[in-house]
Amino acid sequence: MYAIIDCNSFYCSCERLFRPDLLHQPVVVLSNNDGCIIARSDEAKSVGLPMGLPYFQARPLIQQHRVAVFSSNYALYGNLSMRVMDTLRHLLPSGTVEVYSVDEAFLECSHIAPDQVASFALELRHTVEMWTGIRVSIGVAPGKVLSKMANRLAKRKKQETGCVLVLDDPDKIRQALLDTEVGDIWGIGRRYADKLRAMGINTAWQLRHMPEEWARKNLGGVIGVRMIRELNGIPSIPMKDPLEVKKMISTSRMFGRTVTDAAEIRQAVAAYLSRAAEKLRRQGYAAGLIDVYVVSNGTSGGEYAYDPQRDHRYVILPRATSLTSELLEQALPLVDQLYRPGVRYLKAGVILSELVPESAIQSDLFSDSPSSSAGQKLMEALDNINFSNGADTVRFASSGMARTWRMKQEMRSRRFTTHWNELFEIT
DNA sequence: TCTGGGGTCCTAGGACCC
DNA sequence: TCTGGGGTCCTAGGACCC
């Protein structure tokens with residue numbers, strides 16, 4: 001059996017943890033740049049605020065129902081996520097927890113007797129809430145797809161299920177499949193859902209009875225075949241090895257306003273690259289390739305304009321590196337190749353790929369410094385200062401001083417758990 | 001005026017090789 | 001006028017996820 005454990009309205013729960021006065025109030029959290037709604041408490045859902053609604057469109061409803069609004073506070077969410085995941089790893093045998101996203105983890109439960117699974121799940125839910133203050137929902141079933149389905153149904157019927165649902169016999173599975181529309185299956189996105197409905201397939205139960213060969217042709221090849229098997233209770237999506245190396249690290253942001261100045265684009269790219277390099281070092285990798293891209297405002301206004309030929313450049317590094325200075329040196333010239341005067345830019349981004357473990361860097365035949373250990377010490381010092389004193393305390397001058405292009409975050413709560421000067425105070 | 005950011009996997013098709 | 005078969009590697013693009 002597989003379980004998925006999922007934090008309820010995670011970002012909102014994090015905000016409420018330090019604002020108990022909001023416990024039964026509607027709460028929403030906004031995307032970067034305070035652009036749109038990305039998390040809603042149950043109360044906010046029930047006043048009719050949909051996911052992804054632009055903030056400016058949501059404003060009337062927000063005022064009418066006195067909804068508490070927060071800018072996203074990733075320092076806080078990341079730290080609380082770590083606490084939840086640590087709790088799971090503490091309570092389960094090693095190798096059975098797969099962190100799937102900031103607020104979800106799959107558990108492989110073969111070590112638990114089938115008749116114990118339900119009580120174990122309830123216990124787990126209770127412990128996570130006691131230790132972290134975060135409420136979770138748990139779905140258990142044979143396979144990841146069915147466990148996601150169980151989780152979804154558990155949340156939908158909180159009162160009856162206590163946020164835990166175990167699909168452990170054919171009748172329960174059948175009922176769950178009948179109760180799930182194709183578009184609500186994990187792995188079926190909007191495109192496939194439209195396609196399936198056009199073919200008269202509306203429920204997971206109907207999809208389950210389609211032949212594998214049909215799925216191979218119509219649902220993305222092997223992905224479709226795995227889907228049919230999972231729906232039939234045959235686990236076909238394995239647990240992921242937590243040690244697997246990442247393939248890319250990317251950092252991108254919308255600007256707080258449109259930007260037309262090349263110097264400002266360079267600053268933004270320098271800042272995103274610094275951030276990406278920090279992630280790179282934290283995970284112990286070096287990058288062999290840098291991608292830089294920009295997105296502009298379409299000529300007719302409104303629309304995003306991105307043309308890979310025109311708006312994206314990359315450079316292959318002579319030697320993989322994780323030093324911000326070396327990466328900057330290679331990446332900044334790309335900006336000048338991309339930049340077109342007079343264009344209104346909305347966003348820029350940096351992608352680091354061809355990642356290799358720092359310990360296994362291929363040195364280049366002609367480089368004079370075998371491994372730039374002074375540079376590495378400098379980066380270590382930089383990362384330590386920025387970790388303990390807050391991001392960007394020390395940064396490269398190329399990332400700019402005034403930085404008026406930076407995103408808006410006007411309603412961010414304090415970083416209660418990660419910054420000494422922002423601790424929760426009791427008076 | 002105002003619509004996020006960070007990922008993964010898979011396939012098709014072109015270039016190239018023997 | 002005729003013009004193979006088998007393979008690898010790479011990239012772009014589509015689809016999905018939270």
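What you are looking at is a predicted structure, and each value in this text was computed from that prediction instead of being measured. Protein chains get the first letters and strands the later ones, always in sequence-line order, with residue 1 at the start of each.
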Looking for any heavy atom pair under 4.0 Å, which part of the strands does [X] touch: base, sugar-phosphate only, or nothing?
{"X": "A:R59", "value": "nothing"}
{"X": "A:K408", "value": "nothing"}
{"X": "A:S72", "value": "nothing"}
{"X": "A:R226", "value": "sugar-phosphate"}
{"X": "A:I188", "value": "sugar-phosphate"}
{"X": "A:I185", "value": "sugar-phosphate"}

SB check [X] [Y] (cutoff 4.0 Å):
{"X": "A:R313", "Y": "A:D291", "answer": "no"}
{"X": "A:E181", "Y": "A:R152", "answer": "no"}
{"X": "A:D383", "Y": "A:R282", "answer": "no"}
{"X": "A:K148", "Y": "A:E104", "answer": "yes"}
{"X": "A:R197", "Y": "A:D194", "answer": "yes"}

Could you state the atom-to-atom distance from [atom1] of [X] to [atom2] of [N] in whole Å?
{"X": "A:I37", "N": "B:dG5", "atom1": "CD1", "atom2": "P", "value": "16 Å"}
{"X": "A:M239", "N": "B:dT8", "atom1": "CE", "atom2": "C1'", "value": "17 Å"}
{"X": "A:N33", "N": "B:dT1", "atom1": "CG", "atom2": "C1'", "value": "12 Å"}
{"X": "A:K347", "N": "B:dG6", "atom1": "NZ", "atom2": "P", "value": "8 Å"}
{"X": "A:N32", "N": "B:dG4", "atom1": "CG", "atom2": "P", "value": "10 Å"}
{"X": "A:L273", "N": "B:dG5", "atom1": "CG", "atom2": "C1'", "value": "17 Å"}
{"X": "A:R257", "N": "B:dG4", "atom1": "CZ", "atom2": "P", "value": "18 Å"}
{"X": "A:W186", "N": "C:dC17", "atom1": "CH2", "atom2": "C1'", "value": "8 Å"}

What nucleotide, of [options], holds the atom closest to the side chain of [X]?
{"X": "A:S252", "options": "B:dG5, B:dT8, B:dT3", "result": "B:dG5"}
{"X": "A:Q57", "options": "B:dG4, C:dC17, B:dT3", "result": "B:dT3"}
{"X": "A:Y192", "options": "C:dC16, B:dT3, B:dT8", "result": "C:dC16"}
{"X": "A:K247", "options": "B:dT3, B:dT8, B:dG6", "result": "B:dT8"}
{"X": "A:K148", "options": "B:dG7, B:dT3, C:dC18", "result": "C:dC18"}

Subject >> Most 5' of A:S31 and A:I249 on DNA chain B, judged by nearest nucleotide >> reply: A:S31
Original post:
5'-most contact on DNA chain B: A:E244 or A:C36, nearest heavy atom basis?
Top reply: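 Its nearest nucleotide being more 5', the pick is A:C36.
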Original post:
Does the A:R229 side chain pair with the main chain of A:I234, one donor and one acceptor, at a distance under 3.5 Å?
Top reply: no
Original post:
Does A:K279 make a side-chain N or O approach to OP1 or OP2 of B:dG6 shorter than 4.0 Å?
Top reply: yes
**OP:** Could you tell me whether A:H209 atom NE2 has more than 12 heavy atoms of other residues or ligands within 6.0 Å of it?
**Re:** yes
**OP:** Give the C-alpha distance, both sets of side-chain angles, the deciding distance and a yes or no for side chain to side chain donor-acceptor pair (under 3.5 Å) between A:E380 and A:N384.
**Re:** CA-CA 6 Å; A:E380 211 174 297; A:N384 283 335; 4.9 Å; no
Original post:
Would you call the rings of A:Y74 and A:Y11 parallel, tilted or perpendicular, where under 30° means parallel and over 60° means perpendicular?
Top reply: perpendicular
**OP:** Just say parallel, tilted or perpendicular for the rings of A:W405 and A:F255, cut-offs at 30° and 60°.
**Re:**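 Ring orientation of A:W405 relative to A:F255: perpendicular.
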**OP:** Before giving the answer on side chain to side chain contact (heavy atoms under 4.5 Å, CB included), spell out for A:K247 and A:L355 the whole-Å C-alpha distance, their side-chain angles and the decisive distance to 0.1 Å.
**Re:** CA-CA 6 Å; A:K247 291 174 182 129; A:L355 305 187; over 6 Å; no
Subject >> B/S/- contact track for nucleotides 9-14 of chain C, protein heavy atom under 4.0 Å >> reply: ----S-
Original post:
Considering only heavy atoms, which members of residues 96-105 of chain A lie under 4.0 Å from some atom of DNA chain C?
Top reply: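 Correct list: A:Y100, A:S101, A:D103, A:E104.
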**OP:** Determine, stepwise, if the pair A:W205 / A:R174 fulfils side chain to side chain contact (heavy atoms under 4.5 Å, CB included).
**Re:** CA-CA 7 Å; A:W205 179 248; A:R174 177 170 167 274; 3.5 Å; yes
**OP:** Flag this pair as yes if the NZ/CZ of A:R190 is under 6.0 angstrom from the six-membered ring centre of A:Y192 and inside a 45 degree cone about the axis; otherwise no.
**Re:**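 No, A:R190 does not sit over the ring of A:Y192.
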Original post:
Want to know the stems of DNA chain B: at least 3 consecutive Watson-Crick or G-U pairs with distances under 3.5 Å, which are they?
Top reply: B:5-18 with C:5-18
